[in-house]
Undergrad: 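Quick one: the structure is below, questions incoming.
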Amino acid sequence: MLWFERQVVATLVSPTLDDQQRTAVEKYVDDSLRAMPEHLRAGVAAESVLFGAWPRVQRIFGGLDRRALDARVERWKASRFDVVRQYVRLLHSLVLFAEYELTPGAAR
Amino acid sequence: MRKATLDADVVVIGSGAGGAVTAAKLSAAGRDVTVVEEGPWIDADAVEPFSLEEMAVKYRHRPAAALGAPSIAYAEGRCVGGSTEINSGLYHRLPGHLVESWREEYGIDEFDPDTLDAYARRIEEDLVVSRLPGAPPPSSALLERGATKLGWRSVEYSRVFRYDTAGRGVKQTMSRTLLPQAVDAGATVLPNCRVHRLLRRNGRVVGVRCRRTVDGVVEDLTIRADHVFVCGGAVQTPAILHRSGIRGRVGTGLKVHPMIKIAARFQHPVDHGGVPMHVVTEFGPNLSIGGSASRRGQVAMALAESSDNIEDALAEWERVSIYYAAIRAEGSGRVIGVPGLRAPIVTYRLTESDMSRLARGLVHLGELLLASGATELYPSVADGPVVRRHDELGAWWDSVTRSRASLMTVHLTSSVRMGEDRARTGADSFGRVWGCDNLRINDASLVPDAPGVNPQGTIMAIAARNSDHFLAES
């Protein structure tokens with residue numbers, strides 16, 4: 001996973017998961033992204049670089065904490081821009097599937 | 001890298017419904033057959049159906065999509081047995097009226113309902129195609145109950161399942177049935193072996209170049225062969241042909257059954273172990289309604305399609321089950337094998353009429369589920385309103401748009417159509433690729449259009465027919 005993908009996934013994973021479960025979910029998302037056809041993966045990677053550019057700058061200068069990123073991802077889920085909404089929804093689908101298959105006790 | 005060379009009379013590329021039938025038929029007739037499968041040979045009992053583990057080991061790509069507006073997610077098996085290892089096992093013969101219309105439209109020789117039905121009967125006996133003994137599970141009975149209340153036709157599909165005296169069913173996948181038969185008759189199956197390209201000389205195929213992994217060691221393998229059958233499915237078959245420099249009408253005209261889904265919440269728990277076997281046929285052949293795999297992870301994903309306010313429904317996920325409306329689309333797609341890319345590019349274009357049919361399907365599915373006792377319906381439409389009453393269904397008509405509908409398919413066909421009309425087909429009436437006498441296709445690619453029903457029975461009947469033709473001819 002690229003830097004911004006890791007940040008978004010960390011935001012989307014349920015806070016009730018322990019470290020081991022969180023790692024298992026992140027690994028599933030990582031494996032799934034690797035398993036994508038190359039042209040689809042390239043598209044997602046390009047979006048990650050684009051959408052992650054400003055957050056990265058903010059992070060470097062201390063202007064982006066976890067809460068701010070959580071709020072941004074939450075807004076993006078309902079964005080009026082298809083490409084933004086679909087980017088978050090793709091990662092959210094993978095996270096949800098892994099959470100509810102890998103962690104029987106997980107509840108959001 | 002280690003190099004190796006093998007010789008075979010016939011190489012069959014792919015081990016799913018088409019490849020397994022071909023291998024079993026040809027090896028039973030005494031031909032020297034080698035089956036090449038890109039995926040691993042997984043014990044059919046080793047992983048739970050529709051689980052995350054199954055997706056990891058038996059699926060080709062976990063998320064893959066045909067590009068377009070809307071894009072359509074699709075699933076393919078990548079293991080010995082192909083998609084028969086991961087599908088629901090629902091079985092249906094090809095409707096006779098489609099056989100006749102395709103024969104006329106594409107000029108397919110010796111293609112008639114009686115011939116195909118005869119092949120289908122033999123396959124049904126071999127695989128023990130049967131109905132569930134006893135009462136259907138609640139997830140399936142719900143469909144029947146809703147249809148009865150509305151006065152709609154519904155049928156219980158047969159399945160490729162063998163049942164014991166206690167009623168326990170085992171899906172008769174290719175790795176459990178025809179592939180062992182082929183091996184017993186002398187065929188060799190090479191798992192973990194990816195075909196890079198076909199080797200051609202003077203208008204004939206002389207072999208295949210592959211890369212296989214044996215005990216962790218990778219080797220370049222060349223298999224010299226007198227005849228090659230490509231049976232990789234409607235996406236991989238044209239991709240292999242493109243990588244080998246064979247184009248023409250190859251990879252065009254891809255057809256799918258796009259599905260739109262609803263996660264339905266009931267007042268009582270619903271079973272989640274399998275897939276409902278009832279299908280509502282009231283609006284057939286262009287629209288059908290049925291049930292999908294509904295494990296916990298799938299329920300979570302389906303609920304999240306429409307809304308983020310899903311905590312309540314998720315907490316009661318045992319009461320939620322997923323159902324679909326599938327259409328025969330007017331639109332079509334392309335498969336493009338690109339040198340240097342492992343995966344082909346797949347595109348699909350739905351027409352306005354297709355989008356309208358999907359919206360109609362979603363509304364009909366909603367009516368059915370409310371009639372069957374559902375209390376909340378979550379459509380697979382981004383920000384699609386959650387429906388609780390019949391009079392709220394109308395809101396869905398406008399919500400099924402290209403940017404908001406989330407579609408998927410598990411049925412892909414027609415990327416190298418068969419027939420004698422060279423302007424519209426990539427192979428002759430028996431799957432022989434135009435311009436290459438000893439290269440045949442024998443899988444879903446040949447099916448001239450989306451059949452509107454589960455295609456496994458159609459693929460197997462056509463593959464058996466074409467195999468017999470090959471044996472009679474060579």
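Labels below follow one simple rule: chain letters A, B, ... track the order of the sequence lines, proteins then strands, and each chain is numbered from 1.
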Undergrad: Return the minimal non-hydrogen interatomic distance between Y100(A) and A300(B), and the atom names on each side.
TA: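 Smallest interatomic distance, heavy atoms only, reads CD1-CB, 3.6 Å.
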Undergrad: Please indicate whether R80(A) has more than 12 foreign heavy atoms, meaning atoms of other residues, nucleotides or ligands, lying under 6.0 Å from its CZ.
TA: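 At most 12 heavy atoms, drawn from other residues, nucleotides or ligands, come within 6.0 Å of this atom.
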Undergrad: Between F97(A) and M55(B), is any pair of side-chain heavy atoms under 4.5 Å apart?
TA: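 Contact flag for F97(A)/M55(B) side chains = yes.
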Undergrad: Report the distance from atom CD of Q86(A) to atom CZ of R404(B), rounding to the nearest 0.5 Å.
TA: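 Between atom CD of Q86(A) and atom CZ of R404(B) there are 12.0 Å.
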Undergrad: Would a 4.5 Å heavy-atom cut-off, applied to side chains only, mark L96(A) and L303(B) as touching?
TA: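 Answer no - side chains too far apart.
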Undergrad: Sub-4.5 Å heavy-atom contacts with chain B: which residues of residues 50-61 of chain A show up?
TA: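 When heavy atoms of chain B are the reference, residues 50-61 of chain A contributes no residue within the under-4.5 Å range.
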Undergrad: Taking only distance into account, with no hydrogens and no angle test, what donor-acceptor pairs under 3.5 Å do side-chain atoms of residues 340-349 of chain B form with protein atoms, sequence neighbours excluded?
TA:
residue	atom	partner	partner atom	Å
R342(B)	NH2	E38(B)	OE2	3.4
Y348(B)	OH	V256(B)	N	3.2
Y348(B)	OH	G331(B)	O	2.9

Undergrad: Tell me, out of G43(A), S93(A), A98(A), P37(A), who's got the most heavy-atom pairs with chain B below 4.5 Å.
TA: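 With the most close heavy-atom pairs to chain B, the winner is P37(A).
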Undergrad: Taking atom CD of E99(A) and atom CG of L52(B), what is their separation to the nearest 0.5 Å?
TA: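 Answer for the CD-CG pair, E99(A) versus L52(B), is 12.0 Å.
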Undergrad: CZ of R402(B) to CG of D82(A): how many Å apart, nearest 0.5 Å?
TA: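 CG of D82(A) is found 12.5 Å from CZ of R402(B).
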Undergrad: What are the two closest non-hydrogen atoms of R85(A) and A382(B), and how far apart are they?
TA: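 Shortest heavy-atom contact: NE-CB, 3.8 Å.
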Undergrad: Taking every non-hydrogen pair under 4.5 Å, which of R295(B), R62(B), Q298(B) racks up the most with chain A?
TA: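 Looking at each of R295(B), R62(B), Q298(B) in turn, R62(B) comes out on top.
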Undergrad: How long is the gap from OG on S406(B) to CZ on R89(A), to the nearest 0.5 Å?
TA: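 That separation rounds to 8.5 Å.
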Undergrad: With heavy-atom distances below 4.5 Å as the criterion, would you say the side chains of E38(A) and V338(B) are in contact?
TA: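 E38(A) does not reach V338(B) side chain to side chain.
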Undergrad: Within a 6.0 Å radius of atom CG on D19(A), are there more than 12 heavy atoms belonging to other residues, nucleotides or ligands?
TA: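 It does not: D19(A) CG has 12 such atoms or fewer within range.
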Undergrad: Anything in residues 25-35 of chain A with a heavy-atom distance to chain B below 4.5 Å? Please list those residues in order.
TA: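 When heavy atoms of chain B are the reference, residues 25-35 of chain A contributes Y28(A), D31(A), S32(A), A35(A) within the under-4.5 Å range.
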Undergrad: Quick check on A315(B) against chain A: is it the side chain, the backbone, both or neither that has a heavy atom closer than 4.5 Å?
TA: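 Neither part.
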Undergrad: Taking only residues two or more places apart in sequence or in another chain, which ones pass side chain to side chain contact (heavy atoms under 4.5 Å, CB included) with R6(A)?
TA: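 Scan of R6(A) (side chain to side chain contact (heavy atoms under 4.5 Å, CB included), adjacent residues dropped) gives M1(A), W3(A).
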Undergrad: How long is the gap from NE2 on H39(A) to CG on L67(B), to the nearest 0.5 Å?
TA: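 H39(A) atom NE2 to L67(B) atom CG measures 5.0 Å (nearest 0.5 Å).
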